[in-house]
Number of protein chains: 2
Amino acid sequence: MSTISKENYLKAIFLHNRIGENASTSKVANKLSVSNAAISDMAKKLSQEGLISYEKYRGMELTAEGEKIALRVLRRHRLWESFLIKALGMSWNEVHDEAERLEHHSSDSLIDKIDEYLSFPDFDPHGEPIPKKNGTFPKIPKSISLSEVQVGNTYQIIRVNDQNTELMNYLTKNNLLLNSKLEVVDKLSFDNSVVVKVDNKKNSLSEKISKSIFVKILK
Amino acid sequence: MSTISKENYLKAIFLHNRIGENASTSKVANKLSVSNAAISDMAKKLSQEGLISYEKYRGMELTAEGEKIALRVLRRHRLWESFLIKALGMSWNEVHDEAERLEHHSSDSLIDKIDEYLSFPDFDPHGEPIPKKNGTFPKIPKSISLSEVQVGNTYQIIRVNDQNTELMNYLTKNNLLLNSKLEVVDKLSFDNSVVVKVDNKKNSLSEKISKSIFVKILK
DNA sequence: GTAAAAAGTTAAGCATACTTAACTTAATAA
DNA sequence: TTATTAAGTTAAGTATGCTTAACTTTTTAC
Ligand SMILES: [Mn+2]
Ligand SMILES: [Mn+2]
Ligand SMILES: [Mn+2]
Ligand SMILES: [Mn+2]
């Protein structure tokens with residue numbers, strides 16, 4: 001049986017697999033703020049239920065069925081985020097935590113109504129693709145992270161990593177919003193920081209921050 | 001600490017106390033679909049935490065602090081119901097079960113935004129009063145249940161008991177909606193059923209149904 | 001190639017919220 | 001008033017999902 005915890009585990013594994021990373025015990029533990037031991041425990045259960053494939057010491061990977069559940073949760077999460085912003089005027093930095101809970105407590109019928117309200121969007125307000133009802137996943141436009149840009153070029157933000165509220169607050173405060181345009185002024189190989197100009201204001205971004213911002217180049 | 005279960009228990013106790021009934025073990029057990037033993041267990045904990053006063057074999061009553069939590073949950077429940085109907089066009093017979101879960105998983109800020117979206121309503125779509133943010137409770141207009149009406153008079157529905165989805169479906173199908181007008185055609189003392197005319201269609205309502213519908217007389 | 005560090009697992013235990021079965025208290029009906 | 005029934009409580013046990021501590025495996029640095 002799928003529970004709230006299991007949904008969160010499956011989603012976390014999915015998001016790790018997705019960016020090419022191996023879903024290792026400690027990475028998932030860190031994301032979910034539980035001990036490594038809790039992950040080992042759960043890995044056994046999920047594996048037993050056929051939702052992940054798991055080999056001791058070798059990380060976790062979703063099975064087709066596990067991925068189906070993960071996508072369903074992700075869909076709910078991103079639709080809720082979109083809806084809270086559109087219908088209630090919440091800001092993009094406060095909806096993630098809310099959606100983290102609501103994603104586990106809404107009926108299919110409610111989610112479909114939200115989807116319809118939003119005219120079946122392909123992307124959420126952070127630029128993330130919203131899994132479709134039929135299980136497909138909208139194509140993600142090609143992007144690079146801000147840590148890979150070249151000095152002198154101009155880029156547009158098309159996706160940000162919304163997992164951390166503090167980061168989202170920072171981005172909001174500094175006008176680093178979805179679709180914002182920015183010019184890369186400088187890159188320091190010393191600490192891999194990037195200096196960008198947004199709205200004619202310069203801003204130095206640490207490596208960790210720049211890796212959470214995805215852009216496309218503007219000609 | 002308050003948990004989902006505790007919130008549900010406190011709300012159930014509140015709703016029983018509210019209609020004058022003693023919140024007895026088996027009544028609350030029945031409402032929450034758990035065993036009597038579970039109620040006895042929880043009663044001890046809630047009492048320990050100062051949320052209810054409880055004397056063995058004598059039922060439960062909320063303390064001031066317990067009532068505060070119950071009202072907070074009730075507020076969330078009824079605001080969610082109102083919002084789902086208003087914003088997403090859900091029908092009044094499908095929102096209760098949804099709200100039963102959402103009431104435990106929304107931040108204060110989200111609830112306040114829903115409240116504002118709805119222009120701070122006093123009553124929900126079933127005619128139930130919505131507790132205010134400050135803890136007050138809108139005055140409930142005087143009403144009698146359909147089981148107490150007099151033959152020949154005309155009444156208007158101002159509140160219904162929404163706890164049971166099957167009942168709600170029935171009411172919807174028979175046009176027994178909020179603000180519907182009805183004429184009382186007959187009452188059978190044999191089974192305490194009531195015959196009413198709505199939209200020129202006659203309808204016989206069992207005692208149990210008539211006790212879930214609250215009306216005011218129309219001159 | 002080995003030793004130290006990092007990552008992962010296992011074992012034991014805990015809290016919550018239930019269950020069923022056995023028992024106790026209260027209500028009721030003759 | 002007493003005995004039967006209904007209601008409520010207690011005790012023992014279960015499932016879930018965590019924790020910490022001890023141990024094992026893998027990775028890394030030299
Ligand atoms: Mn999110
Ligand atoms: Mn979640
Ligand atoms: Mn309701
Ligand atoms: Mn509830």
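In what follows, chains carry the letters A, B, and so on, assigned in the order in which the sequence lines appear, proteins first and then strands, with residues in each chain numbered from 1. The basis for the numbers below is simple: all heavy atoms, side chains too, and nothing from hydrogens, waters or symmetry mates.
Proximity of A:Thr3 to the phosphate of D:dG17: a side-chain N or O atom is located under 4.0 Å from OP1 or OP2. Between A:Ser26 and the phosphate of C:dA6, there is no side-chain N or O to OP1/OP2 separation shorter than 4.0 Å.
Taking atom OH of B:Tyr9 as the reference point, atom P of C:dA17 lies 8 Å away to the nearest angstrom. Atom-to-atom, CE of B:Met42 to C1' of C:dT16 comes out at 8 Å; the value is rounded to the nearest Å. B:Ile4 has its CD1 atom 14 Å from the C1' atom of D:dG17, to the nearest Å. Here D:dT9 presents its P atom at 10 Å from CZ of B:Arg58, a figure rounded to the nearest Å. Rounded to a whole Å, the CD1 atom of B:Ile39 is 13 Å from the C1' atom of C:dT19. Note: NE2 (B:His104) to P (C:dT16) measures 18 Å, nearest angstrom. For the pair A:Lys27 NZ and C:dA7 C1', the computed distance is 12 Å after rounding to whole Å. Per the geometry, NZ belonging to A:Lys45 stands 8 Å off P belonging to D:dC18, to the nearest Å.
In this structure, B:Ser5 reaches the sugar-phosphate backbone alone: every heavy-atom distance under 4.0 Å involves primed, P, OP1 or OP2 atoms, never a base. Counting any heavy atom pair closer than 4.0 Å across all strands shown, B:Ser35 reaches a base atom.
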Below 3.5 Å is the cut-off: list the nitrogen or oxygen pairs between protein and nucleotides 10-14 of chain D, distance only.
| unit_1 | atom_1 | unit_2 | atom_2 | d |
| --- | --- | --- | --- | --- |
| D:dT10 | OP1 | B:Lys56 | NZ | 2.8 |
| D:dT10 | OP2 | B:Lys44 | NZ | 3.0 |

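Counted by atom type alone, A:His77 and A:His96 present one or more donor-acceptor pairs between their side chains at under 3.5 Å. Side chains of B:Thr3 and B:Ser5: a donor-acceptor N/O pair is absent below 3.5 angstrom, by distance only. A side-chain donor-acceptor contact under 3.5 Å links A:His104 and A:Asn8. At a cut-off of 3.5 Å, with distance as the only test, no side-chain donor of B:Asp191 or B:Ser206 sits close to an acceptor on the other residue.
Nearest heavy-atom pair, B:Val194 versus B:Leu146, reported as atom, atom and distance to 0.1 Å: CG2-O, 3.6 Å.
Exactly one of A:Asp122, A:Asp112, A:Asp124 qualifies for a salt bridge (Lys or Arg N to Asp or Glu O under 4.0 Å) with A:Arg75. That residue is A:Asp112.
Non-hydrogen atoms lying under 4.0 Å from DNA chain D are contributed by nothing in residues 10-22 of chain A.
Under the 4.0 Å criterion applied to side-chain N and carboxylate O atoms, B:Asp115 and B:Lys133 are not assigned as salt-bridge partners.
With DNA chain D read from its 5' end, the first of the two nearest nucleotides for B:Gly59 and A:Tyr57 is the one closest to B:Gly59.
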